[in-house]
Asks: 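Just passing along the structure, written as C-alpha cells.
Per chain, numbering begins at 1; letters A, B, ... match sequence-line order.
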There are 2 protein chains.
Amino acid sequence: MTQKSDLLYELAWLSRPLHQEIEAAVSAMLAETTVTVRMRSVLEQLSKLGPSTVPQIAKALDIKRQYVQIMMNEVEAVGMVERSENPAHKRSTLFHLSESGAAIIRQIRDAEGKIIESFGRNLTLDEVERAHHVMEHLLTSFRTLNQRLKT
Amino acid sequence: MTQKSDLLYELAWLSRPLHQEIEAAVSAMLAETTVTVRMRSVLEQLSKLGPSTVPQIAKALDIKRQYVQIMMNEVEAVGMVERSENPAHKRSTLFHLSESGAAIIRQIRDAEGKIIESFGRNLTLDEVERAHHVMEHLLTSFRTLNQRLKT
DNA sequence: AAATTATTGACAATCAACTTGTCATAAATC
DNA sequence: GATTTATGACAAGTTGATTGTCAATAATTT
C-alpha cells in the first residue's frame, strides 16, 4: 500500500465523521425553528432545482420517492410549499416554494453560509477548488464502483 | 457569499453522498462474507487502536457505548475477538482481535485498499495531501462549532 | 477505612431515516 | 386500444443509532 493510497483511504473515511458533525450542526441550528432537518432538505432542493415533482427530488437526493413524499407532505402541511399549475397536469404534481418557504430557506442558508465562510478564512480558493475536485473524483469513482457491484 | 465560501459549502455537503456511496460499497463487498458493516467497524477499530474496552471504541467512533456493546457482543459471539487478561481487572474488559478476527479484517482492508488504489491513479500525492488537509480542517471546525452549540 | 461518585455491562424502549411492498389510478408508449 | 410505466397513498419492516434505568464494581474524596 502506497502512502498516497493510505491517505486517500483515510480521506474517504473522513466523510463519515464529517457528515455526522454537519448533521449535528444543522440540527442544532434548526433547533429553535419549526423546521426539521428533513424539511430543510426538501426546501433546499426546491430552491436549488426550482419547481419539481416528488420523484425528481427523490432522484436528486438519491433516496426513495416514498420517503420524499412524506417529507413533502410535511412542508406542504405547514404552507412552505405549494402546488404549481401543472401544464396539462402532464404527469405528476409540481411543487414550488411558497413565499414563506422561500424566506425560510434563504434565512437558513444565509446563517449556514456565514459559518462556512468563517471556516474558510484559513483556506485559499485554490485549495478549496482542488479539494473539491478530489472529493468529486472520489464520489464518482464510488458511484461507478457501486454501479458495477449492483449487477 | 464569495465563490470560495460557496464552493466550500458544496464541498462540505459532498460528505453526505460520499458517505452514502462508501457505505453502500462496503456493504456490497461484505455481502458474501459473514461480517456485517457494524462488525467490520469494531474489527477495524481494534486493529487500529489495539486491545480496547467498549467505552474506548465508543469514543473513537463517537457513538454511545451501549451500541458498541451490541456490536462487540456480536463479534465476540462468532469468535472474532477475545477478552484480554486485564491487568488487575483494572476497570473494564479489554478486548483484542482473535486470530481469525485479525485475518478477516486484514483481508477486508486489503480488498478495500486495492479499490482505493485504483481510484487514486488519476490523483497526485500532493493533491491527496492537500485535500486531506482541507477536509481535516473542515472536520475540526465543525467539531468546535458543535462544542459551542451544545452548551 | 468509609462514604461518595463515576464507570461499566446488561437490558429495554424509543427514534430517525430510511427501504420494501402493495394497490389503485392516471398517464405515456407501443 | 392495449400494455407498460409512473405517481400518490398507505403499511410494515430495517438499520443505526439514542435515552433511560439498574446493579455491580471501581475510583476518588474525606
Asks: Is there side-chain contact between M39(A) and M71(A), with heavy atoms separated by less than 4.5 Å?
Replies: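 No, too far: nothing below the 4.5 Å cut-off.
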
Asks: Quick one: R38(B) CZ to dT14(D) P, roughly how many Å, whole number?
Replies: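 So the two atoms are 13 Å apart, to the nearest Å.
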
Asks: To the nearest angstrom, how far is L94(A) atom CG from dA27(C) atom P?
Replies: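 Computing the L94(A):CG to dA27(C):P distance gives 14 Å.
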
Asks: Which whole-number value in Å describes the distance from Q69(B) CD to dA12(C) P?
Replies: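 So the CD-P distance, Q69(B) to dA12(C), works out to 14 Å.
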
Asks: Answer yes or no: is there a donor N or O on one side and an acceptor on the other, between the side chain of S118(A) and the main chain of I116(A), under 3.5 Å?
Replies: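 It does not hold such a pair.
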
Asks: Tell me: CZ of F95(A) to C1' of dT7(D), nearest whole Å?
Replies: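 F95(A) atom CZ is separated from dT7(D) atom C1' by 11 Å.
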
Asks: Specify the angle, to 10°, made by the local axes at the two ends of the helix from dA1(C)-dT30(D) to dC30(C)-dG1(D) when five pairs are taken at each end.
Replies: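 End-to-end axis angle for the helix from dA1(C)-dT30(D) to dC30(C)-dG1(D): 40°, rounded to 10°.
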
Asks: Between S5(B) and T2(B), is there a donor-acceptor pair closer than 3.5 Å when you use the side chain of the first and the backbone of the second?
Replies: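 Judged by distance alone, no pair lies under 3.5 Å.
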
Asks: Please report the distance, rounded to the nearest Å, between CE in M39(A) and C1' in dA16(C).
Replies: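 It works out to 15 Å between those atoms.
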
Asks: Could you tell me whether the side chain of K4(A) and the main chain of G120(B) form a donor-acceptor pair under 3.5 Å?
Replies: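 Judged by distance alone, yes, a pair lies under 3.5 Å.
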
Asks: N73(A) has an atom CG; how far is it from atom P of dC10(D), in whole Å?
Replies: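 Between P of dC10(D) and CG of N73(A): 8 Å.
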
Asks: Is any side-chain heavy atom of I63(A) closer than 4.5 Å to a side-chain heavy atom of Q20(B)?
Replies: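 Contact flag for I63(A)/Q20(B) side chains = yes.
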
Asks: When you check the phosphate oxygens OP1 and OP2 of dT7(D), does a side-chain N or O of T93(A) lie under 4.0 Å from one of them?
Replies: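 No, outside the criterion.
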
Asks: Can any side-chain N or O of D62(B) pair as donor or acceptor with the backbone N or O of P17(A) at less than 3.5 Å?
Replies: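 Not confirmed, D62(B) side chain does not pair with P17(A) backbone.
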
Asks: Can a side chain N or O of S92(A) be found less than 4.0 Å away from OP1 or OP2 on dG8(D)?
Replies: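 S92(A) to dG8(D) OP1/OP2: side-chain N or O found under 4.0 Å.
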
Asks: Give the ring-plane orientation class for F142(B) versus F119(A), where under 30° counts as parallel, over 60° as perpendicular and anything between as tilted.
Replies: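 Aromatic pair F142(B)/F119(A) classed perpendicular.
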
Asks: Under 3.5 Å, side chain of E112(B) to main-chain N/O of R109(B), donor-acceptor pair present?
Replies: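 No, because the side chain of E112(B) does not come within donor-acceptor range (under 3.5 Å) of the backbone of R109(B).
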
Asks: In the structure I gave you, are the side-chain heavy atoms of V35(B) and M80(B) within less than 4.5 Å of one another anywhere?
Replies: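 Yes, close enough: below the 4.5 Å cut-off.
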
Asks: Nearest whole angstrom, please: distance from the C1' of dT15(D) to the CD of E74(B).
Replies: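 One finds 11 Å between C1' of dT15(D) and CD of E74(B), rounded.
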
Asks: Could you check how far NZ of K59(A) sits from C1' of dA6(D), rounded to whole Å?
Replies: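 Atom NZ in K59(A) sits about 12 Å away from atom C1' in dA6(D).
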
Asks: Would you mind building the protein contact string for nucleotides 18-24 of chain C? One character per nucleotide, 5' to 3', B for base within reach (heavy atoms under 4.0 Å), S for sugar-phosphate only, - for untouched.
Replies: BBBBB--

